[in-house]
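Heads up: the structure comes next, in structure tokens.
Predicted, not measured: the structure shown is a model, and the values here were computed from it. Note that ligands are numbered from 1 as they come in the structure, with each ligand's atoms numbered from 1 the same way. Keep in mind that the numbers below use all heavy atoms, side chains included, and drop hydrogens, waters and symmetry copies.
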Amino acid sequence: MRVALSIPALVLGAGLALAHSGASGVVKERMDAMKAMGDSLKAVKAMVDGAAAYDAAKVAATAKAIAAEAVAMPDHFPHGTDHAPSEALPAVWTEHEAFRSAAGDLGAAAEILLAASDDPSAARDALGDVARACKACHDDFRQDK
Ligand code: HEC
């Protein structure tokens with residue numbers, strides 16, 4: 001029997017459809033990068049749920065892209081970019097070490113997904129951890145919707 005994979009609704013939910021008009025520069029870039037991660041996670045979720053054919057190469061590519069984005073993420077949040085339409089909380093800057101560490105947790109989870117990409121069942125578990133790493137950071141560093 002398959003156990004339903006729970007991906008936090010905050011990460012993959014309808015909020016994704018709400019694009020932010022008016023964002024520009026690095027704020028728009030990081031929003032776009034976040035959205036791209038959300039879209040690729042959805043594609044992998046469809047595969048591990050059996051709704052789409054499992055493509056190990058695609059899962060590996062997604063995991064690599066997310067790991068790379070996790071490394072780059074702190075640079076996408078320069079000082080002075082906490083104004084609307086950004087939804088970043090001031091804690092991104094006041095608790096910068098914790099923010100970096102949350103990005104590091106995502107990177108670590110993405111590496112585990114990469115290592116598991118040949119095994120759909122292991123990838124399924126790893127994907128859940130990736131999504132939890134997204135949500136953990138959003139809980140602390142992103143405004144509630
Ligand atoms: C280290 C912290 C952190 C991690 C990890 C993280 N995010 Fe984010 N995310 C943020 C912050 C902060 C914002 C708000 C950015 C802004 O509005 O300036 C955000 C915004 C978003 C948005 C909204 C983008 C928009 O258009 O407003 C989406 C979607 C998103 N993240 C998806 C993800 C996904 C999927 C993952 C995991 C693969 C992830 N995030 C991992 C911190 C993080």
Side-chain angles (χ1 to χ4, degrees), residues 4-49 51-52 54-145:
L5 171 67
S6 115
I7 300 244
L10 270 179
V11 177
L12 295 180
L16 283 179
L18 300 172
H20 290 279
S21 49
S24 61
V26 71
V27 174
K28 173 146 184 21
E29 278 168 30
R30 73 191 179 213
M31 286 176 172
D32 289 347
M34 293 279 176
K35 264 183 264 179
M37 288 196 296
D39 289 346
S40 56
L41 276 198
K42 269 194 215 168
V44 173
K45 182 177 182 331
M47 289 186 225
V48 298
D49 282 353
Y54 192 81
D55 180 341
K58 209 165 167 186
V59 174
T62 296
K64 273 188 203 161
I66 291 177
E69 177 54 28
V71 170
M73 203 180 274
D75 291 338
H76 293 164
F77 289 85
H79 281 279
T81 60
D82 55 345
H83 43 79
S86 175
E87 291 170 340
L89 289 175
V92 168
W93 295 275
T94 58
E95 314 279 339
H96 197 66
E97 279 316 305
F99 181 73
R100 292 190 81 91
S101 143
D105 290 347
L106 174 63
E111 295 290 351
I112 292 170
L113 177 61
L114 176 59
S117 56
D118 282 336
D119 174 352
S121 157
R124 202 152 153 272
D125 292 343
L127 181 69
D129 287 340
V130 168
R132 272 184 285 277
C134 308
K135 184 179 184 303
C137 186
H138 292 166
D139 284 349
D140 290 344
F141 297 103
R142 181 188 174 193
Q143 288 169 26
D144 288 338
K145 292 273 178 187

Using 4.0 Å as the upper bound for N to carboxylate O, is an ion pair formed by K135 and D139?
yes
Has C137 got an N, O or S atom lying less than 2.8 Å from atom 8 (Fe) of ligand 1?
no
CA sep, side-chain torsions, deciding dist, call: T81, S86, side-chain contact (heavy atoms from CB on, under 4.5 Å):
CA-CA 7 Å; T81 60; S86 175; over 6 Å; no
Taking 4.0 angstrom as the limit and counting only heavy atoms of M73, give me the atoms of ligand 1 inside it, by number and element.
1 (C), 2 (C), 3 (C), 4 (C), 6 (C)
side-chain contact (heavy atoms from CB on, under 4.5 Å) with V59: of V44, V48, L127, only one passes, and it is V44
Have a look at ligand 1 and work out which part of F77, if any, has a heavy atom under 4.0 Å from it: side chain, backbone, both or neither.
side chain
So if I count the atoms of ligand 1 from 1 in the order they appear, which ones are less than 4.0 Å from some heavy atom of G38?
35 (C)
Identified side-chain contact (heavy atoms from CB on, under 4.5 Å) counterpart of L89 within the set H138, Q143, R142:
Q143
Considering the heavy atoms of F141, write down every atom of ligand 1 situated less than 4.0 Å from one of them.
12 (C)
I'd like to know: is atom 8 (Fe) of ligand 1 within the 2.8 Å range of an N/O/S atom from M37, strictly under that distance?
no
To the nearest 0.5 Å, what is the distance between CD (E87) and CG (D144)?
10.0 Å
Output the list of atoms in ligand 1 that are nearer than 4.0 Å to some heavy atom of A103, sorted by atom number.
1 (C)
Which pairs of donor and acceptor atoms, one on a side chain in residues 91-103, lie under 3.5 Å apart (sequence neighbours left out)?
unit_1: W93; atom_1: NE1; unit_2: F77; atom_2: O; d: 2.9
unit_1: W93; atom_1: NE1; unit_2: P78; atom_2: O; d: 3.2
unit_1: T94; atom_1: OG1; unit_2: P90; atom_2: O; d: 3.4
unit_1: H96; atom_1: ND1; unit_2: V92; atom_2: O; d: 3.0

Element-labelled atoms of ligand 1 that are located less than 4.0 Å from some non-hydrogen atom of R142
13 (C), 14 (C), 19 (C), 20 (C), 21 (C), 22 (C), 23 (C)
For atom 28 (C) of ligand 1, state which one of R132, M34, Q143, K28 supplies the nearest heavy atom.
M34
Have a look at H138 and say which of its N, O or S atoms is nearest atom 8 (Fe) of ligand 1.
NE2
For A46, what residues pass the side chain to side chain contact (heavy atoms under 4.5 Å, CB included) criterion, not counting sequence neighbours?
A51, A52
